[in-house]
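By convention in this document, chain letters (A, B, ...) are assigned in the order of the sequence lines, proteins followed by strands, and residues within each chain are numbered from 1. Heavy atoms only: backbone and side chains are in, while hydrogens, waters and symmetry mates are out. Just so it is clear, the model here is predicted, and its values are computed rather than measured.
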Protein chains: 2
Amino acid sequence: MTKPTPDPRHTLTLRDVSEASGVSEMTVSRVLRNRGDVSAPTREKVLEAARALGYVPNKIAGALASQRVNLVGVVIPSLSNMVFPEVMTGISEILDGTGLQPVVGVTNYLPDREESVIYEMLSWRPSGMIIAGLEHSAASRAMLARAGIPIVEIMDIDGDPINHAVGISHRRAGRQMAEAIIAAGYRKIAFLGTQMPNDFRAKKRLEGFEEALAKAGLTLIDREYYSGGSALLKGREMTAAVLTRNPDVDFLYYSNDMIGAGGLLYCLAQGIDVPGRIGLAGFNGVELLDGLPRKLATMDACRLEIGRKAARIIADAPEAAQVEELFPTLEPGDTIRKS
Amino acid sequence: MTKPTPDPRHTLTLRDVSEASGVSEMTVSRVLRNRGDVSAPTREKVLEAARALGYVPNKIAGALASQRVNLVGVVIPSLSNMVFPEVMTGISEILDGTGLQPVVGVTNYLPDREESVIYEMLSWRPSGMIIAGLEHSAASRAMLARAGIPIVEIMDIDGDPINHAVGISHRRAGRQMAEAIIAAGYRKIAFLGTQMPNDFRAKKRLEGFEEALAKAGLTLIDREYYSGGSALLKGREMTAAVLTRNPDVDFLYYSNDMIGAGGLLYCLAQGIDVPGRIGLAGFNGVELLDGLPRKLATMDACRLEIGRKAARIIADAPEAAQVEELFPTLEPGDTIRKS
DNA sequence: TCTGCTACTGTTACCGCTAACAGCCACCTT
DNA sequence: AAGGTGGCTGTTAGCGGTAACAGTAGCAGA
């Protein structure tokens, strides 16, 4: 319970260290950054003084003078989604070796908020930006395009990137899942997903899904949306609703694993034969699924790898814009009949 | 797929806007910050020019000149924990109205990493710092103490804060849970938790728990630790292991809800009578629990409120150090016998 | 002995913005 | 008419570092 400032003096600057060690500020700066030649004894003296004083460099001044900022902005829609923390892990993993540091901004799926987060971040002149999705306001795109730094849009590649992009085709992912379901013999298929008008990737998956259904002469026999609340619980509730409305449905396609898991638990509790009577599938490949009584069919979104590749692009800052497509694998689990 | 810099010129500065609008840089600065008196026509002209050019202010220069940084450092052990995203929500909620902005740093429960994250953050001279836990290296404590900004340690209050603190007593939480369990008539109690040597809060809960057991003349009849992997799955596995070793155990106390949920699913699948034959309890009150077939007993850690209060302290920057204790409520759910 | 080079340290001029203060003008006031 | 007074705009001097360049000393080679 000490006071925050035990020492009444001003915050320390290079000058303080310089005076304490008897060399110029420039030499102190060199020692602290490990740049240029400094004799061993001087270096020792300086480090000693800096340590004794508890000096912490001022990066604001440093960045202004050197025109270099070791920050990478990362803009994502949500932290509670389970998927973005994993992307962050991939990013940190790569950035850790480069002296670059990620700074996270959260948009809550709101375009306005995204715009202000981007603006705020750019005003700190980061070395690069990583942003989820390809859909941004015109102003956001313009800001990013003229920032003069590498921009990487992640998660999705179905669209026109500002600069670089790393992700999967959600449209294709939806299509693939539909094809697998149809091949397994299911015909009365329902969709259950988020209401969120701004979850463009879920929307694209559904588009691809319906496209493939149409090609097989099928249409969704029901759809159910939710927003907010406990995803697991919503999964149960929505599943109950669909099964009541359409007792003859034979497949439930969920827009994410969490609600899929809720649905699975519900079906099992009802004693429904899964995957015989009803099949289930989600999307994402969250590790949570490993602990369920039965393994939910899903598709891995390559989150870790997306984070890694995006960070690598920022670190390398290649001249030419690149688009890296990753290919998610369909994991049939135990909730789709073996055809 | 445009190039990142459509315009070959240097990045824009106040001077560019000033020239474009025919007024001094100072006036532009005033308009852009909404500070001081500027005539309506001038303001219009400046805003127009800034918008047309796509000017984004340089906060680095601004911060250096004004000695004010609208950043709040938030240091947490992990993002995938489910608990910290909620704390972040509380923080953002309050900070949103103040012009302050949170910047997250993740330590992965490593003291060394915590130290460097703190150092890095302080070097940006934030307006305040929010840090999880009371246990930090001597160097970390020293840096924070002499930073001259409000420091709020969150989650825990069993210890000696550097400055402010907001949290619950985990020792007391453990004790309370033990008392409830004993009161319900359980006697053969086992603990299942994380191995993590640096999860001090889980450790304190266990201490409090054992303390209360001891007072009733009981000791844990078994304990099982894990690290890494899917918590839900680990919960199943550990539960199986404990039940095999000690078929007569009658209560399983989990260090978090996720493994508790795994244990619950396992017990239900085995047809074990919960809470008759075996009782279960976790810790945290994660919303996931709402979707389980049966509601797991738990204790709410007040995460949202902790985030809010911490942010409020930073925003108000009170002179006197304050310690705010919150009191978690025990939610018996359906997995403890009604005594 | 003088030159040239290397190893080390210091000096100067900013980086882009803002605090503080200094005008200037129109309009009152007395 | 002299002296406020407020509204608006500009000037100056940094903020705390770093790039670029300028010494200085010591030593090897010619």
Next item on the list: Give a yes or no answer on whether the side chain of A/Asp96 reaches the backbone of A/Glu93 with a donor-acceptor pair at less than 3.5 Å.
Entry: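 Here the side-chain-to-backbone pair does not exist.
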
Ignoring hydrogens and angles, tell me if any N or O in the side chain of B/Glu153 forms a donor-acceptor pair with the backbone of B/Ile162 under 3.5 Å.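 Pair found, side chain donor or acceptor close to backbone of B/Ile162.
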
Sequence-distant partners of [X], side chain to side chain contact (heavy atoms under 4.5 Å, CB included), two or more places apart:
X	answer
A/Ser123	B/Val56, B/Lys59
B/Pro318	B/His164, B/Ile313, B/Asp316, B/Gln322
B/Ser29	B/Leu14, B/Met26, B/Arg33

Nucleotides 4-6 of chain D: which of its N/O atoms have a protein N/O under 3.5 Å away?
none

Heavy-atom closest contact ([X] atom, [Y] atom, distance):
X	Y	value
A/Asn163	A/Ile151	OD1-N, 2.9 Å
B/Ile168	B/Cys302	CG2-SG, 4.1 Å
B/Val28	B/Ser18	CG2-CA, 3.7 Å
A/Pro197	A/Phe200	O-CE2, 4.4 Å

> Hey, does the side chain of A/Ser39 come within less than 4.0 Å of C/dC8's phosphate (OP1/OP2), counting only N and O?
Replying inline: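 No, no such contact exists.
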
*Distance test, side-chain N/O of B/Thr27 to OP1/OP2 of D/dG10, below 4.0 Å*: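 For D/dG10, OP1/OP2 do have a side-chain N/O of B/Thr27 under 4.0 Å.
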
- Item | B/Glu48/B/Lys45 ion pair, N-O < 4.0 Å |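 Here B/Glu48 does not pair with B/Lys45 in a salt bridge, since their nearest N and O are not under 4.0 Å apart.
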
- With nearest nucleotides of DNA chain D determined for A/Val28 and B/Ser24 from heavy-atom distances, which residue corresponds to the more 5′ nucleotide?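 The residue closer to the strand's 5' end, by nearest nucleotide, is B/Ser24.
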
Spacing of A/Asp37 atom CG relative to C/dA7 atom P, expressed in whole Å: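 Value for this atom pair: 6 Å.
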
Going 5' to 3' through nucleotides 16-23 of chain C and flagging B where a protein heavy-atom sits under 4.0 Å of the base, S where only the sugar-phosphate is that close, and - otherwise, we get BBSB----

Query - Five-pair end axes of the helix from C/dT1-D/dA30 to C/dT30-D/dA1, angle between them (10°) - result: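 Between the axes fitted at each end of the helix from C/dT1-D/dA30 to C/dT30-D/dA1 lies an angle of 50°.
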
